[in-house]
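Let me begin by presenting the structure, written as structure tokens, before commenting on it.
Each ligand, and each atom within it, is numbered from 1 in the order the structure gives.
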Amino acid sequence: MQRLIPTLRRDQVDEALISVINTLQICAKEISYRLHQGELAGVLGSTLDENIQGETQKKLDVLSNQLLKDILLECKHVRAIASEEEDGIVDGDESGDYLVAFDPLDGSSNIDINSMVGTIFSVLPTPKDGRSGPDMFLQQGTQQVMAGYVVYGPSTMLVFSTGKGVKMFTLDQTVGEFLLTRSDITIPAHTQEFAINMSNQRHWSPAMQSYVTDLLAGKQGPRGKNFNMRWIAAMVADVHRVLCRGGLFAYPWDSRKPDKPYKLRLLYEANPMSYLIEQAGGKATTGLERIMAVQPTDIHQRVGVVLGSADEVETCLEYHTRSGNE
Ligand code: AFP
């Protein structure tokens with residue numbers, strides 16, 4: 001089986017970007033080790049702190065963030081990093097060609113129940129227009145040069161794209177190497193599986209409520225077929241399933257918090273996942289527009305997400321277009 005670096009060289013990925021990916025995989029192995037030690041590692045549970053999102057930080061959130069921040073900033077090709085767990089950006093090497101935005105431990109509320117979590121990363125080119133600070137990261141998702149995730153499950157998998165399709169690598173624990181286990185991932189256009197947090201149904205827009213009601217109506221309803229539902233409450237795990245067998249994943253607009261109607265973050269959750277989904281032939285929208293076309297205005301801004309099997313996303317969009325809302 002092909003190892004990570006030779007595979008990247010075969011894809012003619014530039015050496016600076018290979019160095020960034022290599023840095024990320026080193027972190028992935030360390031985080032994987034700590035997670036798979038579980039209670040024995042003494043790093044489960046929560047800290048007494050909150051991040052900028054106002055969320056209580058898990059010990060592993062902090063540890064994973066520190067690991068990624070420290071090792072990425074040692075890489076001379078990294079100009080700066082942005083993280084879900086950092087209020088602002090952190091500058092790296094002035095001459096670095098790449099910016100890295102990441103969610104160090106996505107789905108961290110699953111840690112204490114030994115369920116799936118992940119690390120999500122997005123790599124953007126350092127702008128050449130002289131801008132600095134957070135503005136460097138305010139680029140549309142279409143500007144990404146690489147995006148991916150590590151999913152820590154029964155096996156640890158590194159899944160990413162550099163624009164030449166989606167590849168999946170599995171960590172061989174015996175030798176500590178990521179080996180290529182799937183390539184050229186293609187998402188089926190049609191699906192009978194959807195992922196959404198149903199407990200929010202009464203807070204969704206009328207369009208989303210109508211769309212999901214018709215899914216639940218199954219064969220006897222307007223869709224004329226039955227649907228299955230999954231919700232792992234870790235975007236990485238739900239998106240990994242969509243990449244593996246198709247499906248629709250949604251975290252749409254909802255009215256619970258009028259000042260914060262969206263949950264998922266654009267820069268280091270929605271954009272990198274959208275990049276992968278599109279590379280695999282799927283679609284990724286906010287419910288109104290292509291996610292990767294959104295012009296960011298803040299490094300921690302949030303968006304609605306509807307992504308997955310192209311034809312199913314289109315069908316969901318039709319409900320929104322008909323009603324004119326998210
Ligand atoms: P945490 O990292 O706080 O667990 O949130 C995970 C997440 O951002 C995303 O990975 C999940 O899809 C979504 O939130 C789950 O949200 P709910 O807990 O509202 O279902």
Would you mind checking which non-hydrogen protein atom is closest to [atom], with the distance to 0.1 Å?
atom	answer
atom 7 (C) of ligand 1	D106 OD1, 4.0 Å
atom 5 (O) of ligand 1	K263 NZ, 4.0 Å
atom 4 (O) of ligand 1	S109 OG, 2.8 Å

Whether [Y] and [X] form a salt bridge (side-chain N of Lys/Arg under 4.0 Å from carboxylate O of Asp/Glu) is what I want to check.
X	Y	answer
R322	E318	no
E85	K69	no
D93	R79	no
K263	E269	no

- Message: Students often mix this up, so state it plainly: with edges at 30° and 60°, are the rings of W231 and Y251 parallel, tilted or perpendicular?
- Response: tilted
- Query: For the residue pair F169 and F160, does the interplanar ring angle fall in the parallel (under 30°), tilted (30 to 60°) or perpendicular (over 60°) class?
  - Reply: parallel
Is [X] in polar range of ligand 1, meaning some N or O pair under 3.5 Å apart?
X	answer
Y251	yes
V236	no
G107	yes
S108	yes
W231	yes
N110	no

Which of the atoms of ligand 1 are close to [X], meaning less than 4.0 Å from one of its heavy atoms?
X	value
L264	8 (O), 9 (C)
M235	9 (C), 10 (O), 11 (C), 12 (O)
R265	8 (O)

- For E269, is the nearest heavy atom under 4.0 Å from an atom of ligand 1? yes
- Flag, side chain of T119 to backbone of Y149, donor-acceptor distance under 3.5 Å: no
- N/O donor-acceptor pair under 3.5 Å between N226 side chain and K219 backbone: yes
- side-chain hydrogen bond (donor to acceptor under 3.5 Å, both in side chains) with Q144: of S122, S274, S161, only one passes, and it is S122
- Query: Out of N197, D103, V239, who gets a non-hydrogen atom closest to atom 17 (P) of ligand 1?
  - Reply: N197
